[in-house]
Amino acid sequence: MLRDGHCPPMRLMLVVLLALIIRNAPPASGRTYDPVADPEAVVLVDQARFTVLTPQLIRMEWSSDARFEDHASLVFINRRLPVPPFNAYSDGDWFTLDTEKLIVKYKKNSGKFAGHNLSVELLLNGKKITWSPGTEDEGNLQGTMRTLDGVRGGASLEQGLLSRNGWVLIDDSDRPLFDNSQWPWAMPRPEGDRQDWYFL
């Protein structure tokens, strides 16, 4: 506030917005989301876990200790969705998950997700596209920054949820999680070598 007791316009807008959010927020006990996906949508393959959230959205996790994360994250708070039809099968060294929109292939017992052991196939405007880790998303429309703490001068934006390429990979591996308290609070990710990716 300024000395005369008036708020600058931007600060006043933020105060009003915060008041509206708090006033209209549902009670914590009436939570309408569930970060734990339906077990029927989950497939475990060695140190990897694949969760079919929608025919066009697959969660792909790898963990060195084969322990996986079910807390809500900053980007994904609800994973309890109707289970779409999909097929999951092994063919020799390879595991395949087919949702009829995406075909995910992962080489079993091959470690962390990388260009040599993971791919996703999709049709885009009638053309077959194959994505693998390391594929540059030059058509990404960018997103927001989680924080401006410590930023001086220009700063680059994070990858966003939209891309002119027709696909997006969201790396959620390092983003904070929310605990299961009545009023969910941010918590750090567990220690260890882990990947938590979403492809859509």
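Here the structure is a predicted model, which is why all the values come from computation and not from measurement. Reckoned from all heavy atoms, side chains included, excluding hydrogens, waters and symmetry mates.
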Can you check whether [X] reaches [Y] side chain to side chain, under 4.5 Å on heavy atoms?
{"X": "Leu97", "Y": "Asn87", "result": "no"}
{"X": "Val83", "Y": "Val52", "result": "no"}
{"X": "Trp62", "Y": "Tyr106", "result": "yes"}
{"X": "Arg189", "Y": "Ser73", "result": "yes"}
{"X": "Leu200", "Y": "Trp167", "result": "no"}
{"X": "Pro55", "Y": "Glu100", "result": "no"}

Apply side chain to side chain contact (heavy atoms under 4.5 Å, CB included) to [X] and list each qualifying residue two or more places apart in sequence or on a separate chain.
{"X": "Val42", "answer": "Ala37, Arg49, Thr51"}
{"X": "Glu121", "answer": "Ile103, Lys105, Lys128, Thr130"}
{"X": "Glu136", "answer": "Glu138"}
{"X": "Leu169", "answer": "Met60, Trp131, Trp197, Phe199"}

Shared hydrophobic cluster, [X] / [Y] (ILVMFWY, side-chain heavy atoms < 4.5 Å):
{"X": "Phe50", "Y": "Val120", "answer": "yes"}
{"X": "Leu118", "Y": "Val43", "answer": "yes"}
{"X": "Phe76", "Y": "Val168", "answer": "yes"}
{"X": "Leu122", "Y": "Leu57", "answer": "no"}

> Got more than 12 heavy atoms from elsewhere within 6.0 Å of CZ, Arg80?
Replying inline: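 Correct, the count exceeds 12.
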> Quick check: are there more than 12 heavy atoms from other residues, nucleotides or ligands sitting under 6.0 Å from CH2 of Trp185?
Replying inline: no
Spacing of [X] atom [atom1] and [Y] atom [atom2] [to the nearest 0.5 Å]:
{"X": "Asn165", "Y": "Asp137", "atom1": "CG", "atom2": "CG", "result": "5.0 Å"}
{"X": "Arg67", "Y": "Asp65", "atom1": "CZ", "atom2": "CG", "result": "5.5 Å"}
{"X": "Leu81", "Y": "Thr54", "atom1": "CG", "atom2": "OG1", "result": "7.5 Å"}

In chain order, what residues pass the side chain to side chain donor-acceptor pair (under 3.5 Å) check against [X], with sequence neighbours excluded?
{"X": "Thr96", "result": "none"}
{"X": "Asn78", "result": "none"}
{"X": "Arg79", "result": "Tyr198"}
{"X": "Gln195", "result": "none"}

>> So that I can tick it off, tell me whether Arg194 and Asp174 are bridged by a salt bridge, with the cut-off set at under 4.0 angstrom between side-chain N and carboxylate O.
In response: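 Not counted as a salt bridge, because no side-chain N and carboxylate O are separated by less than 4.0 Å.
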> Can Arg175 and Asp196 be counted as an ion pair, charged N to O under 4.0 angstrom?
Replying inline: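 Salt bridge between Arg175 and Asp196, a charged N being under 4.0 Å from a carboxylate O: no.
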>> Tell me if the aromatic rings of Tyr89 and Phe95 count as close, with their centers under 6.0 Å from one another.
In response: no
>> Tell me the closest heavy-atom pair linking Ala72 and Ile77, and the distance in Å.
In response: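 Looking at all heavy atoms of both residues, the shortest contact is CB-CA, 3.7 Å.
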>> Main chain of Ser181, side chain of Asp179: is a donor-acceptor contact present, judged purely on distance under 3.5 Å?
In response: yes
> Do any N or O atoms from the side chain of Asp34 and from the backbone of Val36 form a donor-acceptor pair under 3.5 angstrom?
Replying inline: yes
> What pairs with Phe86 under ring pair (Phe, Tyr, Trp, His ring centres under 6.0 Å), at least two apart in sequence or on another chain?
Replying inline: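 Checked Phe86 against ring pair (Phe, Tyr, Trp, His ring centres under 6.0 Å); zero matches.
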> Taking the hydrophobic residues Ile, Leu, Val, Met, Phe, Trp and Tyr, and joining any pair whose side-chain heavy atoms are under 4.5 Å apart, which ones share a cluster with Met187?
Replying inline: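 Other cluster members: Leu177.
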>> If hydrophobic residues (ILVMFWY) are linked whenever their side-chain heavy atoms come closer than 4.5 Å, directly or via other members, who joins Phe68 in its cluster?
In response: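 Leu44, listed by chain and number.
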Anything under 3.5 Å between a donor and an acceptor, one on a side chain of residues 109-116, the other on a protein residue two or more places apart or in another chain? List them.
unit_1, atom_1, unit_2, atom_2, d
Ser110, OG, Lys107, O, 2.4
Ser110, OG, Asn117, ND2, 3.0
Lys112, NZ, Asp193, OD1, 3.1

